[in-house]
Amino acid sequence: MSSFDKIIDANLIGQRALISKVLHSSQMFDADALEIKGRMIRFGDNWVADFASCNYLGFDLNEEIIASVEPALRKWGVHPSWCRLVASPNLYTQAEEQFSELIGSEDVLILPTVTLISIGVVPALMGQDGVMFLDKSAHMTMYEAAKMARDSGSKLISFNHNDYDVLEEGLKQHRDNPKKLIMVDGAYSMTGNYIHVPTIVELAKKYNAIVYIDDAHGFGVVGENPDENLPYGYKGNGVVRHFDYDYDNILYVGGLSKAYSSLAAFISCDKKMKSYIKAYATPYDLSGPCPTASLQSILTGLVVNEKHGDVFRKKLYHLSKQAIDGLREMGFYMDNNTYYPIISVWIGDTDYLIQTAKILWDNQILVTLAPYPMVKKGQETLRITITAANTEHEIQILLQAFQKVKHYLLEMQAPLQPGLVP
Ligand SMILES: Cc1ncc(COP(=O)(O)O)c(C=O)c1O
């Protein structure tokens, strides 16, 4: 047995062993994509419709964005290798100014990923004696960031999603600590539901806490002034603007690797906080920067968003509604109260999940699997994501494939909804 085998086997215990087993159980893990045409992808000789992409606005395929990248590469080279502490190509300054204006904050700071922002900023704010209140449904990367801060001596308290009583109790207990951070998602990555910004922000204000909102999914899709024509709201300027709030006690993190099809993320801040983060967050000092193509993609993405973004968001809403209504009519259950384009269809059992994934794959559909232990036992889901580059025809193929999933589950006498006996 090699030293590598020994270290791997020593770690393959409990939940990790299960994850490894599940990873080998489906064609929908680690699939090798050979070619794409729109949202159709070729794996081997098999073309499947992509319902696992988070390129919600279809910017990955947008001709104007694609055409803008080469001139930027000619000007700046493929990669500015300075860490941001040393120097940044002016593309950064332009993007930071424009994102600040779009979301309505004094300033923003860009780093390559949401994860780097979280693991940089959260420990920098908490130091050795802060208190973090982490929503149990918030993204795992925030938990990793919180654990780093906890290693330095800060306290980590988690609360069930939307359990504001427990949160308030904790805030009360730590009323005198000036360093309190409440950590939540904007649009939740498994349901597409939004954090209720007014409730969490008012509670935070009552106890002088800051709210850290990871809106990796919401930014670009969710925005201001929602109405019946576009319940997501307009401009895609994020969940804070959706609820018509400002950034008094909010640190808002927008992800650009989903709706903006890039490798970048930003955090809202005022000038003083920006200087502080620059001095205290290690990824700013020590990590590599975003590649030129990513920076130019977001700049052109901002232009495209201004010209056509609401048209894309209306199409996205329309396609997502068609899919959700169709799946609900068939009897499937999904916890989605926003028609946001994340649709986690409840299956509730890992073996059924693997079998239904096979049915989808054989019927030309790619989705993201969420098996136990990646989610709680009994909450296993087939997670569909929809983008403005999907077509109505692909939604029809999706619904037809789910008809077959339904037949299979009924044959197996498996419930289509939690707690329902077939
Ligand atoms: C809510 C949320 N936060 C953070 C991340 C990680 O984002 P990034 O790839 O920019 O680090 C994801 C990615 O899926 C996410 O869904």
Side-chain angles (χ1 to χ4, degrees), residues 28-29 50-57 59-60 84 92 95 99 108-123 132 134-148 158 161-162 181-195 197 200 211-222 236 238-240 242 250-268 277 281-284 287-291 293-295 297-298 301 335-336 338 340-344 367-370 374-375 381 383-387:
M28 292 208 205
F29 288 116
D50 184 1
F51 286 102
S53 167
C54 292
N55 290 303
Y56 297 119
L57 299 175
F59 281 4
D60 57 319
R84 289 217 61 192
Y92 267 105
F99 283 119
V108 308
L109 178 82
I110 292 179
L111 285 173
T113 64
V114 172
T115 307
L116 279 177
I117 289 181
S118 293
I119 65 173
V121 172
V122 172
M132 296 161 286
L134 177 68
D135 179 344
K136 283 187 187 165
S137 296
H139 200 256
M140 189 70 182
T141 47
M142 255 192 286
Y143 181 48
E144 298 292 338
K147 282 197 293 188
M148 287 171 70
S158 44
H161 182 54
N162 286 348
L181 194 66
I182 303 171
M183 301 162 76
V184 292
D185 280 6
Y188 281 78
S189 58
M190 291 307 288
T191 61
N193 295 335
Y194 313 150
I195 186 70
V197 172
I200 201 101
V211 185
Y212 182 96
I213 302 180
D214 171 348
D215 206 16
H217 287 273
F219 181 75
V221 176
V222 181
V239 76
V240 176
H242 184 81
I250 297 176
L251 288 168
Y252 174 79
V253 181
L256 302 168
S257 71
K258 303 188 191 307
Y260 275 70
S261 305
S262 182
L263 183 79
F266 65 81
I267 180 163
S268 70
I277 295 173
T282 22
Y284 187 85
S287 292
C290 303
S294 298
L295 292 165
S297 296
I298 55 180
D335 177 13
N336 175 313
T338 54
Y340 183 91
I342 291 176
I343 306 168
S344 292
V367 297
T368 305
L369 303 193
M374 292 172 191
V375 293
T381 58
R383 179 177 177 264
I384 300 162
T385 43
I386 294 180
T387 76

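Source: prediction; values computed, not measured. Just so you know, ligand 1 is whichever comes first in the structure, and atom 1 is the first atom listed for that ligand.
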Hey, mind stepping through Y340 and Y188 against ring-ring contact (aromatic ring centres under 6.0 Å, His included) and telling me if it holds?
-> CA-CA 10 Å; Y340 183 91; Y188 281 78; over 10 Å; no
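- The nearest heavy-atom contact from the protein to atom 9 (O) of ligand 1 is S257 OG, 4.1 Å.
- Rounding to the nearest 0.5 angstrom, the gap separating the CD1 atom in I267 from the CG atom in D215 is 12.5 Å.
- Closest to atom 5 (C) of ligand 1 among all protein heavy atoms lies H139 CE1, 3.4 Å.
- Note on ligand 1: M142 sits outside its first shell, no heavy atom being nearer than 4.0 Å.
- Atom numbering of ligand 1 starts at 1 in the shown order; those under 4.0 Å from a heavy atom of T113 are 8 (P), 10 (O), 11 (O).
- What sits closest to atom 10 (O) of ligand 1 on the protein, heavy atoms only, is V114 N, 2.9 Å.
- Taken from CG in L111 to OH in Y284, the straight-line distance is 8.0 Å, to the nearest 0.5 Å.
- At under 3.5 Å, a nitrogen or oxygen of H217, whether backbone or side chain, sits near a nitrogen or oxygen of ligand 1.
- Both the backbone and the side chain of T115 come within 4.0 Å of ligand 1, judged by heavy-atom distances.
- Between S158 and Y143, the side chains place no donor N or O within less than 3.5 Å of an acceptor N or O (distance only, hydrogens not considered).
- Ring geometry for H217 against Y56 counts as tilted: the plane angle lies between 30° and 60°, on a 0 to 90° scale.
- With hydrogens and angles left out, the side-chain atoms of N55 and S261 include a donor and acceptor closer than 3.5 Å.
- Looking at every heavy atom in both residues, G255 comes nearest to A265 through CA-CB, 4.3 Å.
- Proximity to D185 (heavy-atom distance under 4.0 Å) selects the following atoms of ligand 1: 1 (C).
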How far apart are the C-alpha atoms of F219 and F99, what are their side-chain angles, what is the distance that settles it, and do they pass the ring-ring contact (aromatic ring centres under 6.0 Å, His included) test?
-> CA-CA 11 Å; F219 181 75; F99 283 119; 5.8 Å; yes
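- Looking from atom 14 (O) of ligand 1 to the surrounding protein, the closest heavy atom is K258 NZ, 2.8 Å.
- With hydrogens left out, the protein atom closest to atom 3 (N) of ligand 1 is D214 OD2, 2.6 Å, a heavy atom.
- Annotation: L116 places no N or O atom under 3.5 Å from an N or O atom of ligand 1; distance criterion only.
- The shortest non-hydrogen separation linking G220 to A259 is CA-CB, 3.8 Å.
- Residue-level proximity to ligand 1 for A216 is carried by the side chain, the only part with a heavy atom below 4.0 angstrom.
- For ligand 1, the polar-atom distance check finds no N/O of S189 at less than 3.5 Å from any of the ligand's N/O atoms.
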